[in-house]
Amino acid sequence: MSSNRELATRFQEAAAILEITGANAFRVNAVTKVARILEDLPTEIAPLAEDLKGLQAIDGIGKSSAEKIKQFVETGTIEEFDTLRDSIPPGLIQVLEVPGLGPKTVKVLWEKGGVVDVASLKSKIESGELENIPRMGKKTLANILDAIEFSERSQGRMRLGDALPLAEALVARLSNARGVTRIAYAGSLRRGRETIGDIDILVASSAPESPTRALTEMPGVEKVLLSGDTKTSVRLDAGVQVDLRIVEESNFGAALLYFTGSKEHNVMLREIAIAKSMRLNEYGLFPDDGETEPPQTRGIEPVAADTEQAIYEALEVGYLPPELRENRSASDWAAPEDLVTTRSIKAELHCHTNASDGVMTLDALIDQARKRGFHTLAVTDHSKSSVQANGLSVERLLEHIEAIHEANERFDDITVLAGSEVDILADGRLDYDDEILQRLDWVVASPHSSLRQDPKKATERLLMAIEHPMVHVIGHPTGRLINEREGLAPDMATLVAAAKAHDTALELNANPWRLDLRDRHVRLAAEAGTLVTIDTDAHKPADFELLKFGILTGRRGGLTQALCPNCWEAERLHGWIRSKR
DNA sequence: GCCGTTTTCGGCCCGACTGTTTTCAGTCG
């Protein structure tokens with residue numbers, strides 16, 4: 001685990017304890033924010049920790065947190081947090097994570113009910129011990145028990161690739177409900193985060209009870225968690241919660257903005273509104289008349305409400321696409337004009353045929369690329385060390401190159417390049433000799449083994465591949481699998497700088513299990529001006545549809561078409577490719 | 001705990017829903 005992650009965990013834990021012990025909510029908020037900043041930081045914090053002023057220059061990190069970070073880097077511990085940890089039973093932090101239980105309730109359960117962890121909470125509910133605690137009625141206790149049981153069998157956050165099809169099916173189903181005029185999924189799904197906590201669906205309807213019933217009575221709904229006039233939550237037996245919000249069509253934009261988040265972005269927008277003597281909520285942007293009663297309930301006309309764009313415009317800030325609405329400071333607000341889009345992709349540069357572990361013949365693969373209007377396709381089957389993937393021996397590779405070049409002659413609407421996805425061996429050497437690599441038009445170099453080596457070795461290993469004169473791009477640089485495998489943790493700033501210096505690209509692998517580079521590493525590359533390719537790593541025809549996940553991640557990293565070779569015109573792309581030969 | 005084109009002190013986003021209340025606290029997003 002990187003020290004960023006360890007530090008983020010310590011701050012998160014401290015925030016939880018502060019909450020339970022009843023600290024000032026704004027202080028809890030500030031500590032939580034530091035945890036999130038540390039988690040999202042693209043580079044290792046350890047080398048920065050010497051410089052307290054430098055740490056405090058990061059928006060959201062003040063004197064107190066900077067000192068704690070420094071102490072942790074130097075000594076491996078944070079004294080104040082250790083004291084804090086001793087102030088409550090360690091198991092209480094998990095109790096706070098049970099949905100429906102907040103700090104106030106946890107504190108009462110602990111002090112008045114003797115609850116010290118989830119197990120004791122469960123057994124004390126079952127034995128009826130908690131029934132005379134204030135505000136703990138039968139129904140509340142039953143709900144807590146249910147939430148514990150659900151969290152025990154749920155898998156945590158769902159991968160984007162699993163959540164999106166589910167959300168699209170829900171949108172299709174609910175759009176048929178009576179009175180529905182507009183519908184969209186929102187939340188972290190719309191922002192394209194790599195994992196999703198729950199699915200948010202927003203509906204404009206003249207007959208709210210109809211979409212509400214369409215959801216609660218849908219097959220696959222395991223439990224209706226709550227259901228009111230405008231808000232309904234259900235749990236699907238697929239193990240995910242769906243939140244439905246119903247609004248009037250006239251404020252759909254304000255509601256979409258609100259339910260897309262992120263929470264931090266919403267807070268920023270509301271603060272901007274206040275500074276301009278306005279109030280922003282999910283019903284619209286209103287003039288602030290000093291009344292505490294919400295403006296929409298008093299018949300006040302909003303300044304803007306029907307589209308997101310109108311609200312950004314009225315606040316006099318640039319429009320931000322959903323993928324960029326994370327925890328950004330006001331200073332880097334602007335969105336690049338030529339962010340990558342699915343339509344801007346004109347080449348697929350990493351995919352497999354049945355020569356190694358794909359299912360498509362060479363012609364079937366070319367057919368897929370032509371159908372999508374790509375001007376270039378690089379065929380990149382595995383190299384010899386990837387035995388599990390039927391990697392090509394030198395002899396088979398030479399035959400394959402010949403077959404690809406022959407196929408290239410048969411089409412005049414697409415250039416088919418003979419490439420290879422060459423293993424980067426544990427010590428940084430490549431899996432084929434240079435004279436073999438020289439015969440390839442295109443080289444993707446990827447790590448597939450020794451994915452648990454230490455960060456220093458991993459950095460050196462990947463640096464060797466980046467510096468190799470015949471390598472065009474580093475495929476899925478960390479080898480991580482989301483929710484499955486951590487992968488390598490190289491010093492990304494070093495890799496990004498080296499890649500820029502050697503005119504080597506880093507791949508953003510679009511497969512939703514990988515999304516590697518991840519969003520924050522894409523950002524690092526984009527800010528450095530390093531090339532980033534977006535490829536599907538297709539093994540079967542349907543994999544070409546995974547491109548959208550790579551695009552979402554690329555946009556989250558602020559990747560422009562200018563820095564993404566897949567977006568370039570053929571001549572420019574081929575010129576760059578030849579420059580490595 | 002963090003922050004400052006009024007500020008180094010005094011603020012810090014806003015509304016829906018539930019359960020247990022009899023007017024609202026707690027949680028969530």
Side-chain angles (χ1 to χ4, degrees), chain A residues 11 14-15 18-19 22-37 55-69 80-81 84 96-109 131-144 147 186-189 191 196-202 208 212 224-233 241-247 251 254-255 257-276 278-286 288 292-297 329-330:
Chain A
F11 273 81
L18 286 168
E19 254 195 301
N24 176 305
F26 297 110
R27 182 177 168 205
V28 173
N29 222 345
V31 177
T32 308
K33 191 174 169 188
V34 173
R36 190 172 160 179
I37 290 167
L55 284 177
Q56 286 180 66
I58 301 172
D59 201 24
I61 296 182
K63 186 156 176 282
S64 163
S65 295
E67 279 166 0
K68 290 189 178 77
I69 292 167
E80 198 182 318
F81 286 178
L84 211 50
L96 186 61
E97 280 163 20
V98 174
L101 290 187
K104 301 266 170 57
T105 314
V106 172
K107 189 160 192 261
V108 172
L109 287 171
E131 277 168 23
N132 36 22
I133 287 178
R135 303 191 67 86
M136 283 289 131
K138 276 206 156 44
K139 210 155 183 176
T140 302
L141 291 171
N143 281 340
I144 294 171
S188 53
L189 186 58
R191 301 199 309 276
I196 301 304
D198 50 30
I199 295 175
D200 299 298
I201 309 276
L202 180 67
T212 300
V224 178
L225 299 168
L226 57 90
S227 187
D229 294 340
T230 66
K231 184 175 169 179
T232 294
S233 291
Q241 182 174 325
V242 178
D243 296 334
L244 172 69
R245 289 296 295 249
I246 300 166
V247 300
N251 59 33
L257 183 63
Y258 174 70
F259 294 113
T260 297
S262 64
K263 200 170 163 181
E264 290 80 4
H265 186 64
N266 288 344
V267 170
M268 278 176 69
L269 288 176
R270 285 172 184 199
E271 284 170 355
I272 292 169
I274 290 168
K276 294 187 180 299
M278 290 188 275
R279 277 176 75 171
L280 178 63
N281 60 30
E282 59 262 52
Y283 297 96
L285 179 65
F286 297 89
D288 188 1
T292 48
E293 183 114 342
Q296 68 276 5
T297 61
S329 61

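Labels below follow one simple rule: chain letters A, B, ... track the order of the sequence lines, proteins then strands, and each chain is numbered from 1. Only heavy atoms go into these numbers, but all of them, side chains included; no hydrogens, no water, no symmetry mates.
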Interface polar pairs with nucleotides 3-10 of chain B, N/O, under 3.5 angstrom:
residue: dC3(B); atom: OP1; partner: G60(A); partner atom: N; Å: 2.7

Can you pull every protein N or O that's under 3.5 Å from an N or O on nucleotides 21-24 of chain B?
none

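- Considering CD of E131(A) and NZ of K138(A), their distance stands at 4.0 Å, rounded to 0.5 Å.
- With sequence neighbours excluded, the residues forming a side chain to side chain contact (heavy atoms under 4.5 Å, CB included) with K107(A) are E111(A), listed by chain and number.
- Taking the side chain of S64(A) as heavy atoms from C-beta on, and the options dG1(B), dC14(B), dT20(B), the nearest nucleotide is dG1(B).
- Residue contacts shown for N29(A) are absent, as no nucleic acid heavy atom lies under 4.0 Å away.
- Base pairing of dT8(B): no nucleotide in any strand meets the Watson-Crick or G-U wobble criterion (both distances under 3.5 Å).
- Applying the side chain to side chain contact (heavy atoms under 4.5 Å, CB included) rule to K104(A) yields no partners; only residues at least two apart in sequence or on another chain are considered.
- R245(A) contributes atom CZ, which lies 5.5 Å from atom CD of E282(A) (distance to the nearest 0.5 angstrom).
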Residues 23-32 of chain A side chain polar contacts: donor-acceptor under 3.5 Å, at least two apart:
residue: N24(A); atom: OD1; partner: F26(A); partner atom: N; Å: 2.6
residue: N24(A); atom: OD1; partner: R27(A); partner atom: N; Å: 3.2
residue: T32(A); atom: OG1; partner: V28(A); partner atom: O; Å: 2.7

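- Nucleotides dG11(B) and dA16(B) place their P atoms 26 Å apart, quoted to the nearest Å.
- Residues E80(A) and P103(A) both approach DNA chain B. Their nearest nucleotides, taken by heavy-atom distance, put E80(A) toward the 5′ side.
- Residue order along DNA chain B, read from the 5' end via each residue's closest nucleotide, puts V31(A) first among V31(A) and F259(A).
- Interface remark: the Y258(A) side chain does form a donor-acceptor pair with the dG29(B) base, using a distance-only criterion of under 3.5 Å.
- Here K263(A) lies in heavy-atom contact (under 4.0 Å) with a base.
- Under the rule for a side chain to side chain contact (heavy atoms under 4.5 Å, CB included), the partners of N266(A) that lie at least two apart in sequence or sit in another chain are Y258(A).
- Atom pair D243(A):CG and dT27(B):P shows a separation of 18 Å (rounding to whole Å applied).
- Of the candidates dG1(B), dG15(B), dA16(B), dG15(B) carries the atom nearest the R279(A) side chain, counting heavy atoms from C-beta on.
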